[in-house]
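Count residues from 1 along the sequence. Heavy-atom basis, side chains included; hydrogens, waters and symmetry copies ignored.
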Amino acid sequence: MGRPPCCDKIGMKKRPWAPEEDIILVSYVQENGPSNWKAVPATTGLKRCSKSCRLRWTNYLRSGIKRGSFTDQEEKMIIQLQALLGNNSGGVLV
């Protein structure tokens with residue numbers, strides 16, 4: 001029982017992503033959008049699992065991802081919201 005595996009794992013790469021693979025993935029997403037991840041390995045020729053492609057895009061390559069420390073304004077907002085809502089607000093902020 002349970003969910004079937006995302007791929008058969010035969011011939012898949014398990015080493016760190018190469019810059020060339022990142023370029024291929026980014027160009028695919030720019031042309032087709034970030035959907036239908038199961039088609040990415042077959043369409044692009046990447047020897048990666050569809051889940052690996054999706055996570056690479058979501059966590060590292062997607063535009064708008066901010067890395068580094070919080071700005072002073074962001075830090076103040078976090079402190080104010082924590083004081084207002086506490087640790088368990090019971091809801092989701094929008």
Side-chain angles (χ1 to χ4, degrees):
M1 289 216 170
R3 182 179 290 192
C6 59
C7 61
D8 58 9
K9 307 250 191 264
I10 298 171
M12 295 290 157
K13 292 182 182 178
K14 292 186 178 184
R15 57 181 171 74
W17 281 72
E20 298 81 22
E21 292 175 310
D22 286 343
I23 292 169
I24 292 169
L25 183 58
V26 168
S27 64
Y28 175 84
V29 173
Q30 286 175 345
E31 291 175 15
N32 301 296
S35 61
N36 194 13
W37 291 106
K38 287 194 179 241
V40 174
T43 307
T44 61
L46 288 172
K47 300 221 182 283
R48 297 284 183 171
C49 177
S50 58
K51 180 179 177 182
S52 178
C53 293
R54 177 179 53 85
L55 291 175
R56 182 70 177 173
W57 170 256
T58 303
N59 295 328
Y60 296 99
L61 301 175
R62 182 172 41 112
S63 61
I65 292 180
K66 182 179 177 269
R67 302 236 182 250
S69 302
F70 292 118
T71 64
D72 289 338
Q73 181 182 4
E74 291 169 332
E75 192 170 335
K76 287 177 186 176
M77 183 186 301
I78 291 169
I79 293 169
Q80 289 173 348
L81 289 172
Q82 199 281 331
L84 178 67
L85 301 172
N87 292 335
N88 188 1
S89 65
V92 178
L93 293 176
V94 178

Asks: Could you note down all residue pairs passing side-chain hydrogen bond (donor to acceptor under 3.5 Å, both in side chains) where residues 57-70 supplies at least one of them, sequence neighbours left out?
Replies: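 Applying side-chain hydrogen bond (donor to acceptor under 3.5 Å, both in side chains) to every pair that reaches into residues 57-70, excluding sequence neighbours, yields K66-E74.
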Asks: Could you walk me through whether W17 and L25 pass the side chain to side chain contact (heavy atoms under 4.5 Å, CB included) test, one step at a time?
Replies: CA-CA 11 Å; W17 281 72; L25 183 58; 4.0 Å; yes
Asks: Measure the spacing between CD of E21 and CG of L61 and express it to the nearest 0.5 Å.
Replies: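 Taking CD in E21 and CG in L61, the distance rounds to 10.5 Å.
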Asks: My understanding is that only residues two or more places apart in sequence, or in another chain, count here; which of them pass side chain to side chain donor-acceptor pair (under 3.5 Å) with R54?
Replies: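 Checked R54 against side chain to side chain donor-acceptor pair (under 3.5 Å); zero matches.
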Asks: Could you walk me through whether V40 and C53 pass the side chain to side chain contact (heavy atoms under 4.5 Å, CB included) test, one step at a time?
Replies: CA-CA 7 Å; V40 174; C53 293; 3.9 Å; yes
Asks: Could you measure the distance from the OG1 atom of T44 to the CD atom of E31? Nearest 0.5 Å is fine.
Replies: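 The OG1 atom of T44 sits 11.0 Å away from the CD atom of E31.
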Asks: My understanding is that only one of E75, K76, M77, Q82 makes a side chain to side chain contact (heavy atoms under 4.5 Å, CB included) with I79; could you say which?
Replies: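 With I79 as partner, E75, K76, M77, Q82 yield a single side chain to side chain contact (heavy atoms under 4.5 Å, CB included), made by E75.
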Asks: When rounded to the nearest 0.5 angstrom, what is the spacing between CZ in R15 and CZ in R48?
Replies: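 With rounding to 0.5 Å, CZ (R15) is 6.0 Å from CZ (R48).
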Asks: Sequence neighbours excluded, which residues qualify as side chain to side chain donor-acceptor pair (under 3.5 Å) partners of N32?
Replies: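 Per chain and number, N32 pairs via side chain to side chain donor-acceptor pair (under 3.5 Å) with no residue.
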